[in-house]
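Sequence lines set the chain letters: A, B, ... in the order given, protein chains first and strands last, and positions in each chain run from 1. As the structure is a prediction and not an experimental result, all values here were calculated from the model.
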There are 2 protein chains.
Amino acid sequence: MASSIHDLARHLNISIGTVSRALNGRADVNAETRQRVLEAARKLNYSPNQSGRSLRQGATRSIAFMLQPHPGDQQYGEPFFIPFLTGLQAQLAEHDLDLMVVMGEPGQYQPERLRRVVETRRADAVVLANTRREDDRIDYLSKAGFPFATLGRSQSGGDTYPSLDIDFERAGEEAVDRLVARGHRRIAAIRPSLDLNFGYLFLDGYRKALRRHGIEVDPGLIADGFINETGGYQVTPRVMLSKDRPTAIIFNNDAMALGGCKALAEMGIRPGHDIAVIVIVDTPLCRYFSPALTAFRPSLEPMGRRLAEMLLASLPAFAGPEGTRIIREVWPLELVARESD
Amino acid sequence: MASSIHDLARHLNISIGTVSRALNGRADVNAETRQRVLEAARKLNYSPNQSGRSLRQGATRSIAFMLQPHPGDQQYGEPFFIPFLTGLQAQLAEHDLDLMVVMGEPGQYQPERLRRVVETRRADAVVLANTRREDDRIDYLSKAGFPFATLGRSQSGGDTYPSLDIDFERAGEEAVDRLVARGHRRIAAIRPSLDLNFGYLFLDGYRKALRRHGIEVDPGLIADGFINETGGYQVTPRVMLSKDRPTAIIFNNDAMALGGCKALAEMGIRPGHDIAVIVIVDTPLCRYFSPALTAFRPSLEPMGRRLAEMLLASLPAFAGPEGTRIIREVWPLELVARESD
DNA sequence: TGTGTTCTCGTAAACGTTTACGGAAAAACG
DNA sequence: CGTTTTTCCGTAAACGTTTACGAGAACACA
């Protein structure tokens, strides 16, 4: 049985109120008394029970992260998120906050799994990933008045919550710029068909850059597919069979790129030789693929840390003296040139 | 402000005790009363506050998973764990249990990060991964009398806790058997130098199979390295430069295999042609590497589910009428034959 | 009708904290 | 020395539940 504040008080012949104040660094407690309390706490190995504390303070000191598996390949497993989670957790830990992980129903972008957390008040705030352009989870949290932040932007909920996103638009532009500079004019774009917001952003950048270079946007070179290898595998040939074959492809998702490259291989087309390939979000898979895929790399761990900060800055209980702030940031990606383009 | 059980009771002109009993399915409440309570709860959108419940019941209804990052490459991110976590969470959710993720200090296999969880009673039990042969975290939890289960076996703590492991020993044997059947006699083994338990198990199986085939174990063909690409990259040449060059290598870790293959490539040695390569734990990287690496694949998502069950079976509060049981299981791996051997 | 049993519910304590309030003692001040 | 201020601490309520206990009403039974 763990020791409670009552044990500590009894042991010191002192009231629990004083003990609590001493431990929480309140001003109205004698310096010597505080010393005695701290020592006794160490000796009796006392730590405050979080349930009691939560109940009294109305805050659980834990943040929920909702990981939304995409439909499809179970084995793949979104390696993207581990470094992000590492950063998120590290930053939260510095504020003595715990991280709870809530998995969504695979393929279903619904708030159901969130409901329990929110309604039973198991967490103080939520971090959402894989945001869609129209996101029911954001609508739900907004309506419920529950604090949250998102990794990725969305059109839902307005600008009322902190969000940190990757600059997919710029990445799309830069990819086109790079390819054009290397002499390409017929550049295809392949992205997920789900209405994940980054798919739109990417395409915006892609179109914008093409126009800037005076290249007409050919709808036949733009294709949507299922957000996994199978999708890339299925959709890539469609683009390759357009009347005027592209000389370059930009994939908006690493898994789709891998599937796409498989399709290319079966058509006897070699990335890096017969066609240029660029991937928008780098993962370890891009590095080890043969040929190694040129890709845009995010700095996931720092993003995790930063989003934690941004979330906390929006919470009254954690914001500094300046008050709460809704921070929204968009981070650039770093191009990692490899062999595929 | 969320509604409490008091609001509900007041609304129904009934005592909170009765409300609680009705909601919790106790027998001593009139059927009609229960109906009214349930309806009102739905109407007022009432859910019990978990903090209050935790405090009263002395249980948080959340399980902590400690993810222990290996030292080294941040970007790599252990894709292994996402499917496992998915299964673990899914099974826990069926018992209305939450999952909390605790990250260890990268490279430090210490119980420090666990201390906070245990001492402040933020979770009811812990799931440990990346178990070492001698594991301080296990010692700590045992001594503290805190319930836990492990993914992977260890020599610490005896048989007092549930554990689920992959049969690395058998995988080591099978890998050797397969290679011998294909005519190989000089087979190298490369494993992490950390005292992760699976490294020992793998080597046991490797040695056992070699002896069974009447092949002498050559210490020059066994090498330990840092558990990441760099380690594999550094240690593989050492093995290849032994006086009687191996014709096959078994890697005990996917990251090390990738680094090793890079070293081989630089030596002009092509896996699948000049040397056979088998990897003990498959990840998506093995599949996409060129040549695709033959590997042993675990079923991670079912393992996550199963370990959750096993953990719960060991807890008095969740065990069935048969009482608590300490279950230990070792699961086989499935060989996925690809191009590298 | 009296007695025992069953059903149903209200009362109140308990879980472990934090904190508003007030009061006694000590210190400061004139 | 009397008064005011400050310092320090104890008291008790509150957070939202669950549950042991007991009591009244209804019922069964002889």
Could you tell me the separation between the [atom1] atom of [X] and the [atom2] atom of [N], rounded to a whole number of Å?
| X | N | atom1 | atom2 | result |
| --- | --- | --- | --- | --- |
| A:E119 | D:dG16 | CD | C1' | 16 Å |
| B:D7 | D:dC15 | CG | C1' | 13 Å |
| B:N30 | C:dG10 | CG | P | 11 Å |
| B:H6 | D:dT18 | NE2 | P | 11 Å |
| B:N13 | C:dG10 | CG | P | 9 Å |
| B:I5 | C:dG10 | CD1 | P | 12 Å |
| A:L8 | C:dT18 | CG | C1' | 15 Å |

Give the C-alpha distance, both sets of side-chain angles, the deciding distance and a yes or no for salt bridge (Lys or Arg N to Asp or Glu O under 4.0 Å) between B:E112 and B:R115.
CA-CA 5 Å; B:E112 302 314 327; B:R115 279 231 160 75; 2.9 Å; yes
Is there any protein nitrogen or oxygen under 3.5 Å from a nitrogen or oxygen in nucleotides 23-28 of chain C, and what are the pairs?
none

Is a side-chain N or O of [X] found less than 3.5 angstrom from the main chain of [Y], in a donor-acceptor match?
| X | Y | result |
| --- | --- | --- |
| A:E134 | A:S154 | no |
| B:T86 | B:I82 | yes |
| B:S314 | B:R325 | no |

Salt bridge check, A:E309 against A:R306: does any charged N sit closer than 4.0 Å to a carboxylate O?
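So A:R306 pairs with A:E309 through a salt bridge.
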Going by an N to O cut-off under 4.0 Å, is there a salt bridge joining A:R133 and A:D195?
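Not counted as a salt bridge, because no side-chain N and carboxylate O are separated by less than 4.0 Å.
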Can you find a pair of side-chain heavy atoms, one from A:L99 and one from A:L85, that are under 4.5 Å apart?
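Yes. Closest side-chain heavy atoms under 4.5 Å.
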Side chain to side chain, A:I326 and A:D159, heavy atoms closer than 4.5 Å
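A:I326 does not reach A:D159 side chain to side chain.
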In terms of ring plane angle, is the pair A:F65 and A:F84 parallel, tilted or perpendicular, where the classes change at 30° and 60°?
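Rings of A:F65 and A:F84: tilted, as their planes differ by 30° to 60°.
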Which residues, if any, of residues 15-29 of chain B bring a heavy atom under 4.0 Å of DNA chain D?
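Per residue number, the list reads B:I16, B:G17, B:S20, B:R21, B:N24, B:R26.
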Specify the angle, to 10°, made by the local axes at the two ends of the helix from C:dT1-D:dA30 to C:dG30-D:dC1 when five pairs are taken at each end.
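Terminal axis comparison yields 40°.
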Reported CG-to-CG distance for the pair B:D98 and A:D98, which is rounded to 0.5 angstrom:
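The CG atom of B:D98 sits 11.5 Å away from the CG atom of A:D98.
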Drop me the distance from B:Q155's CD to B:T131's OG1, to the nearest 0.5 angstrom.
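Reported value, rounded in 0.5 Å steps: 11.0 Å.
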How close do A:R34 and A:G25 get, heavy atom to heavy atom, and via which atoms?
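That would be NH2-C, 3.6 Å.
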Consider side-chain contact (heavy atoms from CB on, under 4.5 Å). Of A:I5, A:L12, A:V29, which one does A:V37 pass it with?
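For A:V37, the side-chain contact (heavy atoms from CB on, under 4.5 Å) test succeeds with only one of A:I5, A:L12, A:V29, which is A:L12.
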Those residues that, when tested against A:R56, pass side chain to side chain donor-acceptor pair (under 3.5 Å) (two or more places apart)
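So A:R56 forms no side chain to side chain donor-acceptor pair (under 3.5 Å) with any residue.
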Please tabulate the protein-to-nucleotide N/O contacts below 3.5 Å involving nucleotides 23-25 of chain D, giving atom names and distances.
none

The test is salt bridge (Lys or Arg N to Asp or Glu O under 4.0 Å); show your working for A:R137 and A:D135 and say whether it passes.
CA-CA 5 Å; A:R137 301 167 302 167; A:D135 202 306; 2.8 Å; yes
Expected output is a numbered-order residue list: members of residues 36-61 of chain B with a heavy atom under 4.0 Å from any atom of DNA chain C. What is it?
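Within this stretch, B:L55, B:R56 sit under 4.0 Å of the strand.
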After noting the C-alpha distance and the side-chain angles of B:E301 and B:R305, does the key distance pass the salt bridge (Lys or Arg N to Asp or Glu O under 4.0 Å) rule?
CA-CA 6 Å; B:E301 204 264 356; B:R305 297 193 91 99; 3.5 Å; yes
